Each structure stands twice: as C-alpha cells, then as structure tokens.
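Side-chain atoms are counted along with the backbone in the values below, which use heavy atoms only and exclude waters and symmetry mates. One-based numbering along the sequence shown. Source: prediction; values computed, not measured.
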Amino acid sequence: MKSAILENGKIKIIDTKKPDLTAPGAIIQVIACGLCGSDIVKIKHSAETPDKKVILGHEVVGKIVEINTEVVGNSYCGNAVTPFKKGDIVTLGHHYPCMKCDFCKNGHHSMCETFKAVNISPAGFSEYIYITEGHLKNTVFKLKDGASIENATFMEPLSCCIRAIRQAGYRYKKENPSHKALVIGLGSIGLLMSLGLKAFDIEAYGLDINPERQNFAGKFGVQFDENLHYDTIFMTSGSYKAIDTALKYIKDGGKIIVFSSVEGDFGYKNNDIYYRELTVLGSYSPAPVDLALSYELISQNIINLDGVSTFYTLDNLPLAVNDTMKNKIFKACIKL
C-alpha cells in the first residue's frame with residue numbers, strides 16, 4: 001500500500017506493507033484525511049529531531065475492512081449496543097486516555113500517559129491504517145448513510161475546539177453568560193472555533209491580518225468589531241504578535257484561551273495578568289466526550305463545512321503542504 005513518510009524534512013510517498021490485524025481492533029481503508037496545522041508544524045520542525053518517528057495525518061474518515069474485537073460500539077455517542085462491523089464508514093480521533101489516572105480524573109485527558117502513547121498506525125496519509133480496540137471504544141464514530149465525507153473530516157479538529165470552549169467555562173445546551181468572544185487567527189481551526197462558539201450560543205467574532213481569511217469567515221457570519229472589548233479570547237494564531245492583540249482587546253477580568261504554539265519564547269506579562277486580573281488558560285487536545293459532541297454537531301449538520309476543503313491525491317500530498325504553507329488554499333484534504 002501507499003503511505004506518506006517524512007524523511008530529511010521531505011515528504012515521500014512509499015510502498016509499504018499493509019497493516020495486519022494481529023491484535024484486537026480494526027483495519028480502516030482511508031477514504032479521506034484532512035491536513036492539520038499540526039502536520040505543518042511537524043514538517044517545519046522535523047529537522048530538529050530527525051530520528052523521531054513522525055505520524056502525518058489524523059483527520060481520518062474511512063471504511064472498516066477488517067475487525068477483530070468484542071467491543072460493541074462507541075460508549076460516548078449513545079449507540080453502545082450497535083456493534084461496529086465490516087463495511088461501516090467511520091470518522092475517528094487518533095488519541096484516547098486511560099480515564100483512570102489523576103490527569104483524566106481532573107479533566108486533563110490530553111496529559112494522560114496513555115493518551116500520549118497511543119496513535120493510529122502507520123499514519124492517516126496512508127491507504128490503510130490499524131486502530132486499536134481502545135480507539136473503537138473511545139474515538140470512532142459511525143457515519144449515517146449519505147453523510148458528507150468532507151464534513152466528517154472536520155470531526156477531530158472541531159473536537160479540539162470544543163475542548164477549548166469548555167475550558168473557557170461554556171457549556172453546550174446550557175445557559176451561558178451573555179459573552180462576546182473573539183477568535184484571533186481565522187485559518188480552518190479559527191473558523192471551527194468561531195462556529196463552535198456559535199453552536200454554544202456565544203456571540204462570536206473573529207480577527208485575522210489576512211483580509212482574504214477575514215472575508216471568508218464573514219461568509220459564515222464571523223465579523224470583527226475593533227470598538228469592542230471581549231470577555232474571552234481564543235488564540236488560534238501561530239504568531240507571537242497576536243499576544244499583544246489579545247491584550248489590547250481583552251476585557252479586564254477576562255479569559256485568554258491559548259490554543260496554538262508560537263515561534264520563540266514569548267508569553268503573557270506577569271503584571272498584565274496581575275493588575276488586570278486576567279485568566280490565561282491552555283487547551284490542547286480533546287477528551288472522548290469532546291469527540292462525541294463534535295460528532296453530534298457534524299452529524300446533525302449544525303456545523304457544516306462542505307465546500308471549504310481543496311482536495312488532493314495522496315501522491316500530491318507534498319503539493320498540498322506547499323499550497324497550505326503559501327496560503328494558496330484554506331484547507332487541504334487528501335482523498336484516497
């Protein structure tokens with residue numbers, strides 16, 4: 001089968017052995033896989049750790065072609081009595097926590113050692129992948145007949161945004177404060193964050209220095225008002241300069257949710273946090289409950305991003321990466 005690897009900072013499409021189902025789990029034939037900003041970060045920094053195994057691609061939709069497990073459905077989406085079976089079209093997350101350690105018990109699932117250790121194999125940008133029984137229990141969701149494959153590729157990244165929104169203290173289908181939230185950085189994640197906030201009934205605004213992205217977000221009802229100060233700011237920009245922008249527009253007593261890394265050793269000044277009583281929180285990756293809610297929002301078409309992605313073949317993955325880095329496209333998705 002074909003699979004993408006990163007070698008000497010370059011993406012190569014190689015022929016490799018199809019994964020065997022020698023342990024409980026399933027073999028997934030990949031139908032499509034979105035290109036995530038974290039994939040771009042890994043590619044950019046691969047030279048720093050050349051011996052580290054780099055898994056590229058995790059926003060997967062695929063078909064179960066082999067299964068070997070006693071698991072009966074995903075226990076987080078209300079269909080635990082419906083077994084997964086050969087032929088099911090599924091979307092999935094690539095990490096799952098143990099649900100037993102102190103991190104998990106205190107809501108920091110992505111700090112769990114199990115979470116950090118597990119992944120799909122060999123990579124989402126492959127014709128076939130192996131997923132474990134743990135994935136089937138926690139992160140795999142069956143698509144309804146006729147569901148949009150493109151929309152389903154956004155399930156995992158949307159779940160990351162849902163995690164950040166919950167970190168800010170907002171709850172889905174609950175009475176939330178009448179807050180105005182600003183998303184700084186309107187790439188695909190920033191747009192997802194904005195739409196997620198809207199789904200939580202939070203008044204969402206967005207800001208990007210790229211006018212094309214600003215205009216694109218406007219098509220989804222996401223605008224910017226420079227005359228406002230915001231209760232919550234979500235940092236989805238990878239630029240350290242966005243930190244000053246956040247401090248300019250955050251209300252005193254507000255929350256800043258850090259949802260991106262930046263180049264260099266930059267951060268929030270102690271005295272800004274102290275004198276303005278700001279809360280600065282980090283949010284990294286989702287818990288199974290976040291994946292389940294993302295699946296619900298996607299499957300019910302509450303959040304729909306059909307038409308947003310530009311599609312490439314697996315052989316053209318290097319071109320997809322290049323086009324993404326040069327901002328020629330909004331979101332790349334690899335169709336197999």
Side-chain angles (χ1 to χ4, degrees), residues 2-14 30-48 54-61 123-126 148-158 160-161 183-196 206-224 234-242 245 259-264 303-336:
K2 290 182 177 180
S3 181
I5 63 167
L6 194 60
E7 188 174 275
N8 298 321
K10 302 288 186 181
I11 296 171
K12 292 185 177 180
I13 309 301
I14 63 169
V30 178
I31 297 172
C33 182
L35 178 64
C36 179
S38 65
D39 292 317
I40 301 297
V41 171
K42 290 176 183 177
I43 293 166
K44 285 181 176 179
H45 294 280
S46 60
E48 298 171 8
V54 177
I55 294 178
L56 292 176
H58 55 265
E59 300 174 357
V60 173
V61 175
F125 296 130
S126 303
S148 162
I149 298 299
E150 179 183 357
N151 209 31
T153 61
F154 287 97
M155 190 278 293
E156 191 278 336
L158 175 60
C160 297
C161 296
V183 178
I184 299 179
L186 291 174
S188 59
I189 283 292
L191 180 59
L192 281 174
M193 190 75 76
S194 303
L195 297 180
L207 173 62
D208 199 289
I209 60 172
N210 184 329
E212 291 183 1
R213 287 186 173 183
Q214 190 74 57
N215 292 335
F216 188 75
K219 296 177 181 179
F220 293 84
V222 179
Q223 306 288 345
F224 174 60
F234 292 81
M235 300 291 287
T236 59
S237 167
S239 170
Y240 71 88
K241 295 178 181 178
T245 305
F259 192 70
S260 61
S261 60
V262 298
E263 298 284 352
I303 291 179
N304 188 320
L305 289 152
D306 281 347
V308 166
S309 300
T310 300
F311 291 97
Y312 298 78
T313 64
L314 182 58
D315 287 332
N316 281 327
L317 176 59
L319 176 62
V321 171
N322 183 68
D323 287 351
T324 300
M325 287 183 173
K326 292 185 176 180
N327 289 320
K328 290 184 176 181
I329 59 170
F330 187 74
K331 172 75 174 182
C333 184
I334 308 305
K335 260 194 167 179
L336 290 94

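- In terms of modelled atom types and a separation under 3.5 Å, the side chain of N210 and the main chain of L186 share no donor-acceptor contact.
- Between L192 and L305 the shortest side-chain heavy-atom distance falls below 4.5 Å.
- For F216, the ring-ring contact (aromatic ring centres under 6.0 Å, His included) test picks out F220, F330, with sequence neighbours left out.
- Rounding to the nearest 0.5 Å places CD of Q214 at 7.5 Å from CZ of F224.
- Shown here for A4 and I13, the closest heavy-atom pair between the two residues is CB-CD1, 3.8 Å.
- The minimum heavy-atom distance between I329 and A320, with the atom names listed, is CD1-O, 4.3 Å.
- The two atoms that bring C33 and V60 nearest to each other are SG-CG2, 3.9 Å, heavy atoms only.
- E263 places no side-chain N or O within 3.5 Å of a backbone atom of G238 that could act as its donor or acceptor partner.
- Separating the OG1 atom in T153 from the CD1 atom in I149 is a distance of 9.0 Å, to the nearest 0.5 Å.
- Residue T245 holds its OG1 atom at 8.5 Å from CD1 of I209, rounded to the nearest 0.5 Å.
- Partners of N215 by side-chain hydrogen bond (donor to acceptor under 3.5 Å, both in side chains), not counting sequence neighbours: none found.
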Show your working on side chain to side chain contact (heavy atoms under 4.5 Å, CB included) between L56 and I43 and close with a plain yes or no.
-> CA-CA 9 Å; L56 292 176; I43 293 166; 4.0 Å; yes

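- With sequence neighbours excluded, no residue forms a salt bridge (Lys or Arg N to Asp or Glu O under 4.0 Å) with E156.
- Looking at residues two or more places apart in sequence or on another chain, you find a ring-ring contact (aromatic ring centres under 6.0 Å, His included) between Y240 and F266.
- Taking the side-chain hydrogen bond (donor to acceptor under 3.5 Å, both in side chains) definition, one finds that D315 meets it with K2, sequence neighbours left out.
- With sequence neighbours excluded, the residues that form a side-chain hydrogen bond (donor to acceptor under 3.5 Å, both in side chains) with N327 are R213.
- Contact check for K328 versus T310: no side-chain heavy atoms found under the 4.5 Å cut-off.
- Checked against side-chain contact (heavy atoms from CB on, under 4.5 Å), I5 has the following partners two or more places apart in sequence or in another chain: E7, K12, I14.
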Cut-off 3.5 Å, no hydrogens considered: what does the side-chain donor-acceptor table look like for residues 34-41, sequence neighbours left out?
unit_1, atom_1, unit_2, atom_2, d
D39, OD1, G57, N, 3.1
D39, OD2, C36, N, 3.0

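- The side-chain contact (heavy atoms from CB on, under 4.5 Å) search around S309 returns E150, F154, F311, K331, C333, not counting sequence neighbours.
- No donor-acceptor distance shorter than 3.5 angstrom exists from the side chain of N8 to the backbone of K10, with no hydrogens or angles considered.
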Is there a side chain to side chain contact (heavy atoms under 4.5 Å, CB included) between L6 and I11 once you walk through the steps?
-> CA-CA 5 Å; L6 194 60; I11 296 171; 3.9 Å; yes

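- The shortest heavy-atom contact between G185 and T236 is O-OG1, 2.6 Å.
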Assess whether side chain to side chain contact (heavy atoms under 4.5 Å, CB included) is satisfied between V308 and S188, documenting all intermediate values.
-> CA-CA 9 Å; V308 166; S188 59; 5.8 Å; no

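- Not counting sequence neighbours, S260 has no partner by the side-chain hydrogen bond (donor to acceptor under 3.5 Å, both in side chains) test.
- Side-chain contact between F259 and C160 is present, with heavy atoms from C-beta onward closer than 4.5 Å.
- Side-chain contact between I334 and T313: absent, with no pair of heavy atoms (C-beta onward) separated by less than 4.5 Å.
- Annotation: side-chain contact (heavy atoms from CB on, under 4.5 Å) contacts of S261 (sequence neighbours excluded): none.
- By the 4.5 Å heavy-atom criterion applied to side chains, Y312 and L317 are not counted as neighbours.
- Contact detail for A332 and T324: the closest heavy-atom pair is CB-OG1, 3.8 Å.
- Scanning for side-chain contact (heavy atoms from CB on, under 4.5 Å) contacts around S237 gives I184, S239, A242, with sequence neighbours left out.
- The heavy-atom pair separating G206 from V222 by the smallest distance is N-CG1, 3.5 Å.
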